[in-house]
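Below is one structure; the comments refer to it alone.
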Amino acid sequence: DTAVSQTPKYLVTQMGNDKSIKCEQNLGHDTMYWYKQDSKKFLKIMFSYNNKELIINETVPNRFSPKSPDKAHLNLHINSLELGDSAVYFCASSRQEDQPQHFGDGTRLSIL
Amino acid sequence: QKEVEQDPGPLSVPEGAIVSLNCTYSNSAFQYFMWYRQYSRKGPELLMYTYSSGNKEDGRFTAQVDKSSKYISLFIRDSQPSDSATYLCAMWANTGNQFYFGTGTSLTVIP
């Protein structure tokens, strides 16, 4: 059983479109995250939710909006996609904020 | 200056070699230290997690933390081709309430 699953795995779309990435965890964790990994493999946190409440919102354009319908899900909606949004987006979860994170396998977003 | 510095490599070693991967940090408030392994087209996978200075061993892997020098290491003994991956260090301090990741070191173990 996959612990942290993201869909879709690949997303190829045109500049200006709106897209969503879904994430689900079946580990019973309280905290979920979205990270962006650039081509140099640097992982940068975007958002962190604890029990459906936003606790970290790094400097991210407001075109990115996370939504947590329940503790097990954290979705990422992106409006007006730009070329610079091309990256791999990882969802992760942890028991608490100071505990190790479990990652999904990423969503590879390519903007044409 | 970045919170966590990690040499990106690439590092290439023959099978059976001992590999040493390192990270340095500037924030003395970091309390928890992790090493992740990331295979190509996969998410990072937790290898080691420690919160104190000293060594922690798990099979062929040893994590070492030196808080006085602000330096952490991961040693891989008897390296295997299946160890070929990118290795990321990560650290947590309750002041920032988030994990800070190194940029990763790309390792190739040649059969």
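Numbers restart at 1 for each chain; the letters A, B, ... are given by sequence-line order, proteins then strands.
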Task: Point-to-point distance, once rounded to the nearest 0.5 Å, from OG1 of B:Thr103 to NZ of A:Lys41 - done: 12.0 Å
Open item on the list: Surrounding NZ of B:Lys67 (heavy atoms of other residues, nucleotides or ligands, distance under 6.0 Å), is the total greater than 12?
Closed with: yes
Task: Neighbour count >12 (heavy atoms, 6.0 Å) for atom CZ, A:Arg95 - done: no
TODO: Give, as side chain, backbone, both or neither, the part of B:Thr86 having an atom under 4.5 angstrom from any heavy atom of chain A.
DONE: side chain
Task: Interface moiety of B:Gln38 toward chain A, non-hydrogen atoms closer than 4.5 Å - done: side chain
TODO: Below 4.5 Å from any heavy atom of chain B, which atoms of A:Gln6 appear? Answer side chain, backbone, both or neither.
DONE: neither
Open item on the list: Taking B:Leu11 as the starting point, is it possible to reach B:Phe61 by hopping between hydrophobic residues whose side chains are less than 4.5 Å apart?
Closed with: yes
Open item on the list: Looking at every non-hydrogen atom in both residues, tell me the closest pair between A:Phe42 and B:Phe101 and how far apart they are.
Closed with: CE1-O, 3.6 Å
Open item on the list: Taking the side chain as everything from C-beta on, heavy atoms only, tell me whether B:Tyr32 gets closer than 4.5 Å to A:Pro100.
Closed with: no
Task: Under 3.5 Å donor-acceptor, A:Asp105 side chain and B:Gly43 backbone - done: yes
Task: B:Tyr36 portion near chain A, given a 4.5 angstrom heavy-atom threshold - done: side chain
Open item on the list: Are there over 12 heavy-atom neighbours, none belonging to B:Tyr51, within less than 6.0 Å of that residue's OH?
Closed with: no
Task: Point-to-point distance, once rounded to the nearest 0.5 Å, from CZ of A:Phe90 to NZ of B:Lys42 - done: 10.5 Å
Open item on the list: Using heavy-atom distances under 4.5 Å, tell me whether B:Tyr49 contacts chain A through its side chain, its backbone, both, or neither.
Closed with: side chain
- [ ] Step by step, work out the side-chain contact (heavy atoms from CB on, under 4.5 Å) result for B:Met34 and A:Gln101.
- [x] CA-CA 10 Å; B:Met34 275 133 292; A:Gln101 295 161 10; over 6 Å; no
Open item on the list: Are A:Leu83 and A:Leu109 linked, directly or through intermediate hydrophobic residues, by side-chain heavy-atom contacts shorter than 4.5 Å (ILVMFWY only)?
Closed with: yes
TODO: Report yes or no: do A:Leu43 and A:Ile78 belong to one cluster of Ile/Leu/Val/Met/Phe/Trp/Tyr joined by side chain heavy-atom distances under 4.5 Å?
DONE: no
Open item on the list: Quick one, A:Ser94 and B:Phe99 - any side-chain contact, counting heavy atoms below 4.5 Å?
Closed with: no
TODO: Say whether A:Val60 and A:Ile111 are linked into one hydrophobic cluster, either directly or through other cluster members, by side-chain heavy-atom distances under 4.5 angstrom.
DONE: yes
Open item on the list: Is A:Ile45 close to chain B through its backbone or its side chain, or both, or neither, when contacts mean heavy atoms under 4.5 Å?
Closed with: side chain
Task: Single-linkage hydrophobic cluster, 4.5 Å side-chain cutoff, B:Val19 and B:Met48 together - done: yes
